[in-house]
Amino acid sequence: MIIYLLICLSLIKFNLAENIYEYKSYKDYKLYEVEGSNDILDSLLQKLKNFVELPYYETRDSKLEVLIAPDINSLFEQIISLYDLKTKVVVEDYSELIRLEKSGYRKNSAFSWTAYYDVDDIYEYLGNVSKEYSNWTQLVVGGESYEGRQIVGLRINTPTEKDEPKKIVFIESGIHAREWITPATTTYFINQLLTSTDPKITAMRNQFEWQIFPTVNPDGYHYSFTWDRMWRKTRSKSTFFCYGADPNRNWDYNWLKNGATSNPCNYQTYGGSEPFSEKETRTLSEYIQDLDNLLAYVAFHADAQMLLVPYSDSVEHIDNYDDLVKIGKTSLEYGYKVNGEKYDGPATAAEILYKASGGSMDWVRHATGTPLVYTYELRGKSFHWPPDRIYEQGDEVTQMMLGLFTEACNLNYC
Ligand code: 0X9
Ligand code: ZN
């Protein structure tokens with residue numbers, strides 16, 4: 001018991017001492033992949049979590065990916081040896097991934113898609129294009145964050161002859177702070193809608209009113225830029241030491257039912273103190289609820305490479321599930337043509353990923369009845385994607401959107 005306490009104390013000490021004053025380096029953190037049945041992997045994970053809050057872990061397809069700090073490496077190896085599981089190191093030194101990615105941080109003053117940008121730069125980009133295309137775009141504010149930032153989006157609504165209101169397509173991106181490829185891809189897509197001369201893309205742009213929000217968790221995203229690359233949650237204060245809730249577990253539908261925790265110190269999936277406890281989800285949900293004529297809600301995440309439909313905590317199929325799957329398949333076919341990349345799905349998260357309640361997509365479907373509701377999990381490895389290849393996913397997503405709305409219109413949703 002005393003030894004156990006000493007280990008815990010030394011780990012707590014380590015966690016507090018590290019990186020209070022500088023960007024967390026993740027020097028010598030190892031990314032492991034462990035194979036085994038889900039039950040065994042869950043029990044292993046539970047044991048590990050008794051000792052320390054893990055910055056990243058995910059169990060899928062009977063494989064556990066887990067990021068292990070150098071000071072618990074030998075402990076991890078000892079626990080693993082008790083289980084006799086096939087284990088390999090996928091990344092030897094996680095800080096190398098961060099270093100490579102950093103080489104693509106903003107280098108010059110022009111906004112581009114060969115680097116990652118912090119939230120102020122993204123907002124500046126949105127502000128600039130809203131001025132450049134002032135006849136048919138404008139900035140919109142979808143909500144506010146705990147630290148007082150706005151959730152800024154771009155509304156794109158080209159004029160029509162009939163002057164009738166168009167159906168709205170809402171795009172949510174960056175709800176998980178560390179999934180950097182999602183805001184980057186979303187601004188890439190905005191740029192395509194604004195500048196492409198491809199008649200299919202301009203026709204898609206003109207057909208709908210677009211409301212596109214690249215960073216709906218601006219505090220978390222900024223924190224992942226300035227303090228901790230693996231940060232996922234919001235930045236609200238829960239206890240003296242523990243901050244943030246998972247903004248994709250905090251929406252008021254089946255809150256905390258599956259795949260979420262009530263422990264505010266959990267690094268990944270704390271659902272918040274109550275549904276909509278987070279200012280970001282509360283204000284954004286109010287904004288969404290006030291939208292008339294919402295046709296589609298599309299959320300972008302990374303990096304499971306799959307397309308998900310509601311409900312994330314159920315294997316039951318909603319009334320237009322067959323249509324959603326047909327439309328989703330066409331979307332994935334269009335995307336496949338760009339880089340030959342196959343996505344899993346369309347299916348519910350419960351069917352092909354894991355059960356997760358309290359997510360935005362599910363609430364939107366349940367509360368507003370929006371007919372087309374999707375979550376795209378983009379590509380990557382433990383949330384990293386080389387900045388000089390953002391355009392690959394940008395082009396893929398642009399085509400996936402084209403496929404989605406082409407098939408949706410074929411099925412008379414438009
Ligand atoms: O766990 C999540 O929230 C998503 N996966 S991620 O690795 N990007 O964190 C899956 C979301 C699917 N479920 C809902 N949209 N509710
Ligand atoms: Zn996510």
Side-chain angles (χ1 to χ4, degrees), residues 54-61 63-67 170-186 213-217 220-221 224 229-234 244-261 266-272 275 278 280-281 284-285 288 296-315 318 324 328 343-367 370 372-385 393:
L54 299 161
Y56 167 60
Y57 55 86
E58 192 174 287
T59 316
R60 187 149 56 96
D61 295 339
K63 279 187 190 140
L64 165 70
E65 252 190 14
V66 60
L67 190 57
F170 189 104
I171 294 188
E172 166 218 293
S173 202
I175 200 165
H176 285 144
R178 64 193 176 187
E179 296 167 14
W180 285 8
I181 187 58
T182 66
T185 308
T186 308
F213 292 85
T215 49
V216 301
N217 176 11
Y221 184 72
S224 77
R229 176 65 185 84
M230 294 306 278
W231 193 254
R232 164 179 165 109
K233 301 187 286 178
T234 58
D246 183 341
N248 212 34
R249 299 290 184 279
N250 188 239
W251 297 62
D252 191 8
Y253 175 70
N254 283 354
W255 181 73
L256 278 199
K257 193 172 157 200
N258 288 107
T261 163
N266 184 287
Y267 198 80
Q268 300 204 130
T269 54
Y270 171 49
E278 302 312 284
E280 294 81 355
T281 56
L284 192 62
S285 67
I288 292 165
Y297 189 91
V298 179
F300 285 109
H301 285 253
D303 46 16
Q305 200 165 338
M306 52 179 58
L307 179 53
L308 304 170
V309 297
Y311 287 107
S312 306
D313 54 10
S314 169
V315 293
I318 57 174
L324 286 180
Y343 279 52
D344 283 346
T348 71
E351 288 167 320
I352 56 170
L353 185 61
Y354 44 68
K355 283 188 177 179
S357 306
S360 58
M361 161 175 90
D362 291 356
W363 178 85
V364 169
R365 174 62 183 217
H366 179 75
T370 302
L372 306 176
V373 185
Y374 290 98
T375 294
Y376 286 80
E377 284 272 349
L378 301 181
R379 299 189 278 125
K381 184 86 206 125
S382 55
F383 312 113
H384 293 273
W385 182 260
Q393 299 212 50

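Read the numbers this way: they start at 1 and go in the same order the structure lists the ligands and their atoms. This is a predicted model, so every value here is computed, not measured.
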Quick note on ligand 1: atoms under 4.0 Å from a heavy atom of Thr375 include exactly 15 (N)

Report yes or no: does Glu377 have an N/O/S atom closer than 2.8 Å to the Zn ion (ligand 2)? no

Would you kindly specify which portion of Asp246 sits under 4.0 Å from ligand 1, judged on non-hydrogen atoms: side chain, backbone, both or neither? neither

Do any heavy atoms of Tyr311 fall under 4.0 Å from ligand 1? no

Does the ring centre of Tyr221 sit less than 6.0 Å away from the ring centre of Trp231? no

Can you see whether Asn254 engages Ser357 through a side-chain donor-acceptor pair at a distance of less than 3.5 angstrom? no

Hey, does Ala304 sit under 4.0 Å from ligand 1 if you only count heavy atoms? no

Do any heavy atoms of Arg232 fall under 4.0 Å from ligand 1? yes

Atom nearest to the Zn ion (ligand 2) - His176, N, O or S atoms considered: ND1

Quick look: Ser360 vs ligand 1, heavy-atom contacts under 4.0 Å, and the answer is neither

With backbone taken as N, CA, C and O and side chain as the heavy atoms from C-beta onward, which portion of Thr269 lies under 4.0 Å from ligand 1: side chain, backbone, both, or neither? neither

Donor + acceptor pair across side chains of Trp251, Ser285 (<3.5 Å): no

Side chains of Asn266 and Thr261: any donor to acceptor distance under 3.5 Å? no

Of all N/O/S atoms in His301, which lies nearest to the Zn ion (ligand 2)? ND1

